[in-house]
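Worksheet: one structure, shown below.
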Amino acid sequence: MTLQNSTAAKSNTKIMPLKRPAKQVEVGRIMSVGSSSAVISVNKSVIRNNQLHLVELGTVLKILTNSSLVVAMVSTLKVGAVDDEGMHDGCIAHLSILGEISTNKTTRQTKFFRGVRTFPVLSQPVLTMSSNELELIFSTGSAPSIAVGRMQQDDNIIARVKTNDLLSKHFAIIGSTGSGKSCTVALVLQAILDENPNAHVVLFDPHNEYSQSFGDQAKVIGQADFELPIWLFDFEETAELLTSEILDHKREEVDILQEVILKAKQLYDRSKQAGSNIGAQSKMADIEKDLHRAAAHISLDSPVPYRMRDILKLLEYYMGRLENSGNIGPYKRLTRKINSLMADPRYQFVFRNQAAPRSIQELTGEIFRIPVAGKPICILDFSGIPAQTLNIVVSVVSRLAFELAMWSQRKIPILLVCEEAHRYIPADVESGFAATRRSISRIAKEGRKYGVSLAIISQRPSELEPSTLSQCSTIFSMRLGNERDQNFVRAAIPDGAADLLSFLPSLGTAETMVFGESVNLPMRVILNTLAEDRRPHSSSAEFTELWSSGEISPEYMNGVFESWRTRTMGGKASQTRQALQPVKANQVQQPVIPETATSQFRQQHAPKAPVDNQPVLGTSNERLTDVKKMLNKAFHSNI
């Protein structure tokens with residue numbers, strides 16, 4: 001049965017030469033058949049003609065039956081048993097049965113179906129696939145889809161994945177360092193944005209890799225611009241930030257926070273309605289009597305602004321009550337912790353604009369791109385955010401995405417891209433991150449109902465929380481060398497195609513296996529090449545080139561330490577580094593860059609010897625006297 005009349009999918013992409021022969025080749029015969037697999041004996045003519053590439057791992061073949069074409073993929077290839085002449089010159093191939101191509105007798109329409117109704121029998125021939133048949137198997141039909149590359153088996157065929165199935169049921173991109181994982185993330189997201197310019201995508205970027213990958217389509221929010229005020233946190237997230245790590249202390253502080261945060265929200269709502277604040281002469285006892293009646297509609301988790309100065313005044317008020325006089329420790333700890341966080345420049349994104357807080361519409365609109373305004377993706381650069389707060393930030397943004405989609409009645413679908421997901425969704429419960437695991441797990445299990453999609457990106461899938469990856473119905477699996485990671489992915493992939501993962505360690509760079517709901521069959525894909533200016537900043541450091549470019553100047557290191565102190569990337573050090581070209585050793589410097597500018601990055605000459613007339617330091621007593629004078633002067637100048 002052939003499919004010569006099947007219509008190939010149309011494409012405007014330039015057609016490359018066929019890698020496979022134009023005519024179909026019988027590669028073997030069935031030796032044994034199981035419910036999901038078959039074993040074939042490879043024809044000796046294939047071996048003799050040096051055509052074993054026709055049955056290489058991952059190749060899709062067809063088995064002729066009386067009423068259909070059974071579709072199978074090569075999962076194992078090995079040397080056969082001794083033949084009649086005592087030679088080990090045969091080959092055995094194990095196939096995973098994936099589906100069948102059959103024609104409806106009523107409509108006369110030929111389609112590919114998952115599952116098999118007519119199994120092959122012994123000695124039936126196994127042939128290579130024609131391009132038309134491969135097109136029919138992997139075609140996405142009229143469903144919206146994105147192109148990610150070309151089939152490894154036949155590069156005439158564009159590899160496409162169905163967009164709605166990809167997003168509505170979550171997906172994951174996993175691969176070892178250096179396999180092209182970051183470029184694959186940028187490639188897939190760019191393809192989605194090209195087809196959906198009014199999308200709402202949020203990318204968690206822990207290492208500032210993707211700031212240039214989407215050009216003018218991206219809104220990049222770094223530490224200087226990022227604002228996630230504490231009043232947007234729910235109570236558990238707030239308690240995790242403000243309370244102690246000691247469990248007994250935490251319980252006492254949580255009970256106090258529940259009361260003061262609710263009162264602070266009610267106070268803010270009352271001040272906005274009455275136009276008054278808690279002044280120095282205000283009597284808290286009088287104000288408190290009116291709060292519950294005036295703001296009864298506000299709950300502990302309502303996204304209502306409140307001021308930290310009101311929290312501190314409430315803590316001071318309750319600490320001064322007679323009934324609390326014997327246990328003021330929790331109040332002091334909370335006051336001390338809040339003042340410490342507010343003074344820490346790393347936490348300014350939490351306490352910014354306390355006097356005049358921005359509206360929830362403005363804050364969520366900037367992150368989730370509402371309105372889109374030509375920038376459908378928001379990149380949250382977490383490179384300058386403290387590791388201690390990464391858990392809370394991811395938790396808050398994830399929860400806001402879920403609640404926004406839920407309260408909009410599924411009219412605002414959102415895609416959350418979790419780069420380096422194993423850092424904040426770890427499998428180890430004792431490593432913390434309970435708030436993030438709770439938020440991400442809720443989206444993984446219920447997000448499909450409300451229009452919130454997850455993209456899990458990781459180089460160590462075995463360190464991920466297991467249930468999160470298992471909820472991803474499409475997996476892009478790149479090269480994985482670690483056996484634990486391979487076993488973890490093998491347990492998570494659909495289609496019963498675990499045998500196909502045997503060659504994951506040997507996949508090339510920018511090559512991937514795609515499994516799951518968004519493709520008709522597992523497919524081995526050579527990914528498209530990204531333009532140079534759209535590639536993420538994930539390349540390795542050039543050790544030998546930098547080590548050969550001369551000494552590092554004090555001026556350059558001053559810029560490094562300034563960035564280090566201010567916790568901001570892209571300061572003077574990086575600007576100097578981009579502006580200057582290091583000179584390699586034994587290379588004559590060309591007069592393209594002024595010598596003064598070059599010395600800011602690398603000094604090409606050894607330090608100068610001391611000048612003869614340079615002042616000589618005095619005795620140890622004189623030096624000690626000078627030091628004392630300096631310390632006294634500095635001390636009195638600060639009083």
Side-chain angles (χ1 to χ4, degrees), residues 228-270 278 282 284-285 287-289 291-292 295 298-354 357 385-400 424 426 429-439:
L228 196 66
I230 194 168
W231 58 266
L232 278 178
F233 294 19
D234 68 12
F235 180 71
E236 291 187 19
E237 294 157 350
T238 306
E240 186 159 350
L241 178 65
L242 300 182
T243 57
S244 306
E245 295 182 1
I246 301 175
L247 192 57
D248 291 338
H249 290 178
K250 191 181 187 73
R251 290 196 191 99
E252 295 177 326
E253 294 164 12
V254 164
D255 291 339
I256 295 171
L257 272 181
Q258 284 180 332
E259 186 172 5
V260 297
I261 288 178
L262 179 58
K263 289 287 193 300
K265 290 184 177 184
Q266 293 172 342
L267 280 171
Y268 181 86
D269 186 73
R270 176 182 178 275
I278 304 178
S282 301
M284 182 61 68
I287 296 176
E288 190 179 16
K289 294 177 183 178
L291 284 181
H292 183 71
I298 296 176
S299 69
L300 192 60
D301 285 333
S302 298
V304 175
Y306 61 91
R307 300 184 180 96
M308 294 309 294
R309 70 185 184 195
D310 291 345
I311 293 287
L312 294 172
K313 288 179 180 179
L314 284 164
L315 287 173
E316 184 180 1
Y317 168 70
Y318 286 121
M319 185 166 50
R321 279 185 169 181
L322 183 62
E323 63 265 25
N324 296 326
S325 59
N327 187 25
I328 62 174
Y331 297 93
K332 286 188 173 182
R333 288 194 299 268
L334 283 171
T335 302
R336 188 165 54 245
K337 181 70 173 287
I338 292 172
N339 285 324
S340 173
L341 291 175
M342 292 179 67
D344 192 334
R346 299 175 300 168
Y347 291 86
Q348 286 306 300
F349 69 93
V350 177
F351 302 107
R352 190 175 283 136
N353 295 327
Q354 286 280 309
I385 291 178
Q388 300 90 330
T389 61
L390 182 61
N391 170 34
I392 299 174
V393 172
V394 175
S395 171
V396 173
V397 175
S398 302
R399 180 182 52 79
L400 290 175
Y424 42 86
V429 177
E430 296 182 357
S431 61
F433 296 93
T436 302
R437 274 203 303 272
R438 182 176 61 252
S439 296

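In this text, all values refer to a predicted model and were calculated from it rather than measured experimentally.
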Check whether any side-chain heavy atom of [X] lies under 4.5 Å from a side-chain heavy atom of [Y], and answer yes or no.
{"X": "V260", "Y": "L334", "value": "no"}
{"X": "L228", "Y": "I392", "value": "no"}
{"X": "K263", "Y": "Y317", "value": "no"}
{"X": "L242", "Y": "I311", "value": "no"}
{"X": "R251", "Y": "D248", "value": "yes"}
{"X": "E316", "Y": "T335", "value": "no"}
{"X": "Y424", "Y": "V393", "value": "no"}
{"X": "L341", "Y": "M308", "value": "no"}

I need the [X] [atom1] to [Y] [atom2] distance, nearest 0.5 Å.
{"X": "I338", "Y": "R309", "atom1": "CD1", "atom2": "CZ", "value": "14.5 Å"}
{"X": "R333", "Y": "S340", "atom1": "CZ", "atom2": "OG", "value": "15.0 Å"}
{"X": "L267", "Y": "Y306", "atom1": "CG", "atom2": "OH", "value": "12.5 Å"}
{"X": "L257", "Y": "L241", "atom1": "CG", "atom2": "CG", "value": "10.0 Å"}
{"X": "K332", "Y": "L315", "atom1": "NZ", "atom2": "CG", "value": "13.0 Å"}
{"X": "D301", "Y": "L262", "atom1": "CG", "atom2": "CG", "value": "10.0 Å"}

Who passes salt bridge (charged side-chain N to carboxylate O under 4.0 Å, His left out) against D255, sequence neighbours left out?
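Applying salt bridge (charged side-chain N to carboxylate O under 4.0 Å, His left out) to D255 gives none.
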
Please find the pair of heavy atoms, one from [X] and one from [Y], that lie closest to each other, and give the distance.
{"X": "A264", "Y": "D310", "value": "CB-CB, 4.4 Å"}
{"X": "F233", "Y": "V396", "value": "CD1-CG2, 3.6 Å"}
{"X": "R399", "Y": "D234", "value": "NH2-N, 3.2 Å"}
{"X": "K250", "Y": "A239", "value": "NZ-O, 3.8 Å"}
{"X": "E252", "Y": "P330", "value": "OE1-CG, 3.5 Å"}
{"X": "P357", "Y": "Y268", "value": "CG-OH, 3.4 Å"}

Which residue in the set E236, R438, E237 passes side chain to side chain donor-acceptor pair (under 3.5 Å) when paired with S395?
E237

Checking side-chain polar atoms at under 3.5 Å, does S244 have a donor or acceptor matched by the opposite partner on E253?
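There is such a pair between these side chains.
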
Going by distance alone, is a donor N or O of one side chain under 3.5 Å from an acceptor N or O of the other, for T436 and S439?
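Checked: T436/S439 side chains show no N/O donor-acceptor pair below 3.5 Å.
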
